[in-house]
Amino acid sequence: MDNGTDEFWVELRRARDRRVLADAVLVLEAMRIPHRMEHHNRMWRLEVPSGHEANARAELDRYDAENRQLPPHRPKVHRFDNGWAGVLGYLVVIWLLPNLEGWAAFGWDWRESGVMNAELVREGQWWRTVTALTLHADLGHIAGNSFFGALFGIFLGRYLGSGLGWLLVVVGASLANLANAWLQTPPFVSLGASTATFAVLGLTGTFVWRRGYLRGRNWRQSFAPLFAAIALLVYTGVGGVRTDIMAHFLGFAAGAVGGVLAATYDIRRLGSSGQWIAGALTLWLIGYAWLQAGTYAT
């Protein structure tokens, strides 16, 4: 809008894209303040007559103040350790079992005693939901789970602590195996730490999301940890001929539930001693499950 006079024009704002100035133009039009848009040297300039400058600036400043988005409040990120303690424990366990199996330690058939057999789990051999997490089909299988488990486990330990984090993972992955045993049709067997690996992914992603550590000005940024976790699940969890896709998704779901619940608790209350106790409980659960498996086999 031009006031049709030769009055001196004053530039208020400029931008390369005319759309950037659209809100300011609407404000001036609403307040019936004369203005015009000029394009010069690849820049758009919003101008008003000099006699209206003060009023125009005041209205635009008022509009900016009313519509300015305050920076979102983000809770302080508490990091409990560097994650390596839990990762090393994870790697020791899953690499120790192939050696015990190869040596036929204690005279056990480790694979036959520990594999997740849906029919036997339904009959009450619950320990197989735990022991199966520590067995692997071949070198490629254990190498893949080692890589992804270590990668995701670093973040797990940082945000939840290695003790509590891995305790929740083992419990969640075992429950996922239990659900898988009831959903699959016997005879069905499975083994491998991939269920636990995806439980780590679901647990960490939902925990960070629910705690709001990446809370932003829009929903995409706020949901970024959850979206990233789901994307990794889809990208890494559905390939391969012998892939147990249901176990992967159940493991992720169990971890996600654990992450939501853990986010409601102040983990700092555990202290370092509580983390050590949680870690010891994790190893005890695995050891006790194998003791049950060996006792039943003999």
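The minimum heavy-atom distance linking D81 with G83 is given by the pair OD1-N, 2.6 Å. A pairwise comparison of heavy atoms in T131 and A293 identifies CG2-CB, 4.4 Å as the closest pair. Listed here is the closest heavy atom pair of N180 and A247: ND2-CB, 3.6 Å. Considering every non-hydrogen atom in both P34 and V48, the closest pair reads O-CG1, 3.4 Å. Heavy atoms only, all atoms of each residue included: L135 and G114 are closest at CD1-C, 3.6 Å.
Sparse packing is recorded around CZ of F155, with 12 or fewer heavy atoms of other residues, nucleotides or ligands lying under 6.0 Å away. Remark: W95 CH2 is packed, more than 12 non-hydrogen atoms of other residues, nucleotides or ligands lying under 6.0 Å away.
When side chains are defined from C-beta on, M37 counts as touching V25, because their heavy atoms get closer than 4.5 Å. Using a 4.5 Å heavy-atom cutoff, the side chains of V93 and L283 are in contact. Taking 4.5 Å as the limit, some side-chain heavy atom of V10 sits within range of a side-chain heavy atom of R57. The side-chain heavy atoms of M246 and L183, taken from C-beta on, include a pair separated by under 4.5 Å. Taking 4.5 Å as the limit, every side-chain heavy atom of W44 sits out of range of all side-chain heavy atoms of R13.
Using modelled atom types and a 3.5 Å distance limit, the side chains of W127 and S113 yield no donor-acceptor pair.
The hydrophobic cluster containing Y265 also contains Y159, counting ILVMFWY residues as joined when their side-chain heavy atoms lie under 4.5 angstrom apart, directly or transitively.
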Using a 3.5 Å cut-off and no angle test, enumerate the donor-acceptor pairs between side-chain atoms of residues 185-199 and protein atoms at least two apart in sequence or in another chain.
from	atom 1	to	atom 2	distance (Å)
S194	OG	H248	NE2	3.1
T197	OG1	A193	O	3.1

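Within the 3.5 Å criterion, the main-chain N or O of E101 finds no donor-acceptor partner in the side chain of R111. With hydrogens and angles disregarded, a donor-acceptor distance shorter than 3.5 Å links the side chain of H141 to the backbone of A137. Of the possible donor and acceptor atoms, none in the side chain of E53 sits under 3.5 Å from a partner among the backbone N and O of W9. For the pair T134 (side chain) and V130 (backbone), a donor-acceptor distance under 3.5 Å is absent. Counting only distance, with no hydrogens or angles, the side chain of T129 and the backbone of W126 share a donor-acceptor pair below 3.5 Å. No donor-acceptor pair closer than 3.5 Å links the side chain of W276 to the backbone N or O of G271. Between the N41 side chain and the M43 main chain, no donor and acceptor come within less than 3.5 Å of each other. For R122 (side chain) and W182 (main-chain N/O), a donor-acceptor pair under 3.5 Å exists by modelled atom type.
Between E59 and R62 there is a salt bridge, with a side-chain nitrogen of the basic residue lying less than 4.0 Å from a carboxylate oxygen of the acidic one. With respect to the salt-bridge test (charged N to carboxylate O, under 4.0 angstrom), the residues R14 and E11 qualify. A salt bridge links R36 with E38: the closest approach of a Lys/Arg side-chain nitrogen to an acidic carboxylate oxygen falls below 4.0 angstrom. Salt-bridge formation is not detected for the pair D266/R211: no Lys NZ or Arg NE/NH1/NH2 atom is positioned less than 4.0 Å from an Asp or Glu carboxylate oxygen.
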Test side-chain contact (heavy atoms from CB on, under 4.5 Å) on H78 and I267; report intermediate values, then the result. CA-CA 9 Å; H78 298 285; I267 299 175; over 6 Å; no
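Under the side chain to side chain contact (heavy atoms under 4.5 Å, CB included) rule, V200 has a single partner from L168, L151, V169, which is V169.
In terms of the ring-ring contact (aromatic ring centres under 6.0 Å, His included) criterion, residue partners of W284 (sequence neighbours excluded) are, by chain and number, Y288.
Here the CG-CZ distance, from L203 to F152, works out to 12.5 Å after rounding to the nearest 0.5 Å.
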